[in-house]
Protein chains: 2
Amino acid sequence: MTAAVTQDARTRVLRAAVELFAKQGYDGTSVAQVISQAGVAKGGFYHHFTSKEALLYEVYGDLITRQLAAMDAIVARGSAPGETLRALIADLVESTAASAQQALVFWREQHKLGDERTEQYRRARRRYHDTVTNLIRDGQSAGSFAAVASPEMVTFTIFGVINELPLWYRPQGRKRPAQIATELADFVLAALAVPA
Amino acid sequence: MTAAVTQDARTRVLRAAVELFAKQGYDGTSVAQVISQAGVAKGGFYHHFTSKEALLYEVYGDLITRQLAAMDAIVARGSAPGETLRALIADLVESTAASAQQALVFWREQHKLGDERTEQYRRARRRYHDTVTNLIRDGQSAGSFAAVASPEMVTFTIFGVINELPLWYRPQGRKRPAQIATELADFVLAALAVPA
DNA sequence: CCCTATGGACCGACCGGTCGGTCCGCAAGT
DNA sequence: ACTTGCGGACCGACCGGTCGGTCCATAGGG
């Protein structure tokens, strides 16, 4: 409501955490560093977050939720396999590039996700993974895609590039996210193209 | 020579470190955990290693060196681009699968590589990367490969899957490393195939 | 006045690393 | 063949400092 002249403490903490976790890793970042960069005292931090771990969950939960919602919307269109795959790649690449730091933190720290609360993030990613695999498998069965490799291998390849994108993508770089997405989709669809 | 009934302490420490770093991350693993699993006391550890960081360097240095040497040998054969690319993929996949934990540790902790000593690991990976990129670029110029995507994008894709292989590869799984390598090479070469 | 938001002193546990010392295989001295 | 001395492998108590987390005082809007 009140348009705060500076962001509220909670938001500042979240932003500082994303930046520091991306740069130094979760275990390599102390709560003291986070609150110092956010301009908040210890008490203020623990007023908003129950623990350092809770902070980590919040950092990567948001991106995954958005990507999953976008996936559902794209699949719901019911387009041809090739078109659907292209749209999925485009959204994944662009949302990952737009939130590269969150994506990097999730990717690097996902092995810390062990408890009940975070298992759902794993399941979310798993669902995304399975959806793409099924899309490719169905496309191959229907003859829209060539059976040049197993659906699993193709899926691992697609997610492999995208998951590592935060490591090499630079917002100031030559290539815009849309162009990266196009190139990747071209590459994948060329491999899956059925011989004329 | 003397087939030690138990490995020497140094080797046990190294093995324990790889395992724990892969499971919990470098910062998430204490020296106390490493020495406990290795069955060595604190003093014994610091007799063999100057610091915890030095231990990390040793854990991932060896694999990179071997992969780079294999790459040089393959390139030196001077085979056709397609054949060379297939051989590089095969070696990368198989060596990564065989040393999945080291590969995982390197990939997850590479952002910690900042000092002089470790910069060489970065350069080694960079050289591997550039070699593949040039191979694809030359192949495209010569007409052996289709210009379906930029050489950089193709390279990122290949290394993307392979770097994430430790996350999903299971030695007891259905697919042998050689089969994974074949599938991946088939996929990549299908995309790069020039239309007949 | 109470309730939410915040500050900062403070806590015990644990961190990476040090240090003085023990143990033992082995080669030289006799 | 027995003794002596030495050097490297290894031990575990201990260090200062930092960790994540707690607690209470306080400020200020309703």
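Quick note on labels: first sequence line is chain A, next is B, and so on, each numbered from 1. Computed from a predicted model, the values in this text were never measured in an experiment.
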* Whole angstrom is fine here: how far is it from NE2 in B/His47 over to P in C/dC23? => 17 Å
* Members of residues 16-25 of chain B that approach DNA chain D, where some heavy atom sits under 4.0 Å away -> none
* Asked: Are A/Phe159 and A/Tyr128 close enough that their ring centers fall under 6.0 Å?
  -> yes
* **Side-chain H-bond candidate by donor/acceptor type, B/Arg174 with B/Gln179, under 3.5 Å** => no
* Structure fact -> Ranking A/Tyr26 and B/Gly43 by the position along DNA chain D of their nearest nucleotide, the one closer to 5' is B/Gly43
* Cation-pi check, A/Lys52 to A/Phe45: give yes when NZ or CZ is under 6.0 Å from the six-membered ring centre and within 45° of the ring axis, no otherwise. => no
* Identify whether the distance between the nearest side-chain nitrogen and carboxylate oxygen of B/Glu152 and B/Arg137 falls below 4.0 Å. => yes
* Step through it carefully: locate the ring centre of A/Tyr121, locate the ring centre of A/Phe106, and say whether they are under 6.0 Å apart. => no
* Heavy atoms under 4.0 Å, any strand shown: does B/Lys42 hit a base, just sugar-phosphate, or nothing? -> base
* **Electrostatic pair A/Arg127-A/Asp72, nearest N-O below 4.0 angstrom** => yes
* If you look at every strand shown and take non-hydrogen atoms under 4.0 Å, does B/Thr29 touch a base, only sugar-phosphate, or nothing? -> sugar-phosphate
* Contact interval (first through last nucleotide) of DNA chain D with protein chain B, 4.0 Å heavy-atom -> D/dA9 to D/dA13
* Structure fact -> Exactly one candidate in B/Tyr26, B/Tyr57, B/Tyr60 meets ring-ring contact (aromatic ring centres under 6.0 Å, His included) with B/Phe21; the answer is B/Tyr26
* Cationic N near anionic O, under 4.0 Å, B/Lys175 to B/Glu183 -> yes
